[in-house]
Amino acid sequence: MSVKRMKDSFANVSKTLTKFDRASAITGFLLTDGVEIYFKESDSRVIELASGQCCFAFLIELSGIQKEVVDEVARLPKRA
């Protein structure tokens, strides 16, 4: 993601976040697909920051998979 695109997206954050209540701004988080930046307000609402439009998002929680991979790698024999 280019720095300019990030700057442009974050410039719209203040406008976008004024549409949310304070609790959403605190509990939400930012996402990216490598091109756009999104704000995930809740389990059901994702906003594209540059345009402020709601988006459909299919998110996959990878923390469980990450733990499995880390555990498996830790069990691999150490190479000399």
ILVMFWY network linking Leu62 to Val69, side-chain heavy atoms under 4.5 angstrom: yes
Nearest-0.5 Å distance that lies between atom CZ in Phe39 and atom SG in Cys55: 13.0 Å
Sequence-distant partners of Glu72, salt bridge (charged side-chain N to carboxylate O under 4.0 Å, His left out), two or more places apart: Arg75
Distance in Å, Tyr38 OH paired with Leu49 CG, rounded so as to fall on 0.5 Å steps: 9.5 Å
Closest contact, heavy atoms only, Asp33 versus Val35: OD1-N, 2.8 Å
With sequence neighbours excluded, residues passing side-chain contact (heavy atoms from CB on, under 4.5 Å) with Lys67: Asp71
